[in-house]
Amino acid sequence: TRILLDGQDITDEFVGTTIFNVSTGAIGEFQLNRSTQDVGGEVTSTGQVLVSTQSGTNQIHGQLFYYFQDYRALFANAATTAGAPNPPFQRNQFGGSIGGPILKNKLFAFVNVERIKQDASAPVTVGPLFAATIGAAHPTLPSPYRETYSTARLDYTGPFGGHYFVCGNYNVNASFGNFGSGYNL
């Protein structure tokens, strides 16, 4: 599937997803096309996802959000086996956006930022030699994850009905883990 952001291809050719994440708060419109798309899109046999970022308007607008998840909430512990460690998990996801005019009817700005701060732990599998000492003292190891992504866009309404824009995206993440297969000593 071909994925385009403001007309620019952001498809990762090896994995088949995007080369960077886009915050949902930065998305103004999106369109899903199946393999029988119109001639306006790129050549692809599986379809495409077209995404356009928000722009500023003559009115100041914005949003803020905060999501919280924790392993102690409601029935999160219901599936754990008796005596097995229940690795801690907590995710804080927050961000916001603001847009508005710089020059009324001419120049507009939009900025969006989102951050994920996740603290989780992975179970440790310890051989019988270390089970009583290391395994009992450290049944899990921390596996933190951090991600920040943002979008900034300037729109200009120029002469002869022209509309021009420039958009920049920033995405950085850091994680510590081994893709869910546990730690072994």
Side-chain angles (χ1 to χ4, degrees), residues 1-70 73 89-120 143-177 179-180:
T1 302
R2 191 66 49 201
I3 305 164
L4 285 90
L5 177 66
D6 292 327
Q8 180 66 41
D9 187 358
I10 61 169
T11 309
D12 184 332
E13 302 296 334
F14 297 104
V15 180
T17 186
T18 61
I19 56 175
F20 60 87
N21 293 324
V22 179
S23 173
T24 56
I27 296 173
E29 297 179 11
F30 72 94
Q31 178 180 356
L32 302 174
N33 292 331
R34 298 189 313 193
S35 61
T36 55
Q37 62 187 343
D38 62 30
V39 296
E42 289 188 28
V43 177
T44 177
S45 62
T46 59
Q48 63 184 191
V49 178
L50 304 172
V51 179
S52 64
T53 53
Q54 289 196 45
S55 63
T57 62
N58 279 323
Q59 299 291 324
I60 294 176
H61 61 283
Q63 66 174 354
L64 293 173
F65 71 92
Y66 179 76
Y67 300 118
F68 176 76
Q69 298 172 334
D70 191 74
F89 173 85
Q90 187 178 87
R91 176 181 286 173
N92 299 278
Q93 188 171 356
F94 49 92
S97 62
I98 189 164
I102 295 175
L103 297 172
K104 190 169 176 104
N105 296 325
K106 283 292 194 185
L107 185 63
F108 310 97
F110 176 80
V111 176
N112 181 81
V113 177
E114 186 169 334
R115 172 88 168 149
I116 297 173
K117 178 183 172 282
Q118 177 177 300
D119 293 312
S143 180
Y145 174 75
R146 306 290 187 262
E147 181 163 24
T148 302
Y149 35 99
S150 59
T151 300
R153 178 174 166 150
L154 281 174
D155 288 85
Y156 175 69
T157 302
F160 308 110
H163 181 83
Y164 310 95
F165 75 94
V166 61
C167 184
N169 294 286
Y170 173 78
N171 182 206
V172 64
N173 60 35
S175 66
F176 175 79
F179 304 103

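Keep in mind that this is a model prediction, so the values were computed, not measured.
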> If you round to the nearest 0.5 Å, how far is CD of Q8 from CD1 of I19?
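Rounded to the nearest 0.5 Å, the CD1-CD separation comes to 7.5 Å.
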
> For residues F110 and F108, establish whether the separation of their ring centroids is below 6.0 Å.
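Not close enough - the centres of the two rings lie 6.0 Å or further apart.
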
> Quick one: pull up CZ in F165 and OG in S52 and give me the separation to the nearest 0.5 Å.
8.5 Å

> Check whether any side-chain heavy atom of F89 lies under 4.5 Å from a side-chain heavy atom of Q69, and answer yes or no.
yes

> Are any non-hydrogen side-chain atoms of L103 and Y156 less than 4.5 angstrom apart?
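No, too far: nothing below the 4.5 Å cut-off.
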
> How many angstroms lie between CZ in F94 and CZ in F65, if you round to the nearest 0.5 Å?
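Atom-to-atom, F94:CZ and F65:CZ are 9.0 Å apart.
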
> Can you find a pair of side-chain heavy atoms, one from R115 and one from V113, that are under 4.5 Å apart?
no

> In Å, rounded to the nearest 0.5 Å, how long is the span from CG of D9 to CZ of R2?
4.5 Å

> What pair of heavy atoms forms the shortest contact from Q31 to N33, and how long is it?
NE2-OD1, 3.0 Å

> Take atom CD in E13; do more than 12 heavy atoms of anything else shown fall under 6.0 Å from it?
yes

> I want to check something: taking the side chain as every heavy atom from C-beta on, are L154 and C167 in contact at a cut-off of under 4.5 Å?
no

> Hey, does the side chain of D6 reach the backbone of T53 with a donor-acceptor pair shorter than 3.5 angstrom?
yes

> How many angstroms lie between OG1 in T148 and CD1 in I116, if you round to the nearest 0.5 Å?
9.0 Å

> Between N58 (side chain) and N105 (backbone), is there a donor-acceptor pair under 3.5 Å?
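Looks like yes, one N/O pair under 3.5 Å.
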
> To check you understand the geometry: which heavy-atom pair defines the closest contact between G25 and S97, and what is its length?
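Reported closest heavy-atom pair: O-OG, 4.3 Å.
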
> Determine whether N169 and L5 make a side-chain contact, defined as any pair of heavy atoms from C-beta on separated by less than 4.5 Å.
yes

> Is the backbone N or O of Q93 less than 3.5 Å from a side-chain atom of E114, with the two atoms forming a donor-acceptor pair by type?
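Not a single qualifying donor-acceptor pair exists.
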
> Could R146 and D119 be called an ion pair, given the rule that one side-chain N must be under 4.0 Å from one carboxylate O?
yes

> Can you label the angle between the Y66 ring and the F68 ring as parallel, tilted or perpendicular, going by 30° and 60°?
parallel

> Looking at every heavy atom in both I60 and P101, which two are closest together, and how far apart are they?
CG1-CD, 4.1 Å

> Any donor-acceptor pair under 3.5 Å linking the side chain of T11 with the backbone of I3?
yes

> What closest approach, in Å, do L50 and Q48 show between heavy atoms, and which atom pair accounts for it?
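Between these two residues, the closest heavy atoms are CD2-OE1, 3.6 Å.
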
> Please check if atom CZ in F30 has more than 12 non-hydrogen atoms from other residues, nucleotides or ligands closer than 6.0 Å.
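No, CZ of F30 has 12 or fewer neighbouring heavy atoms, counting only those of other groups under 6.0 Å.
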
> For residues E147 and N21, determine if any side-chain heavy atom of one lies less than 4.5 Å from a side-chain heavy atom of the other.
yes

> Measuring from D155:CG to L107:CG, what's the distance to the nearest 0.5 Å?
8.5 Å

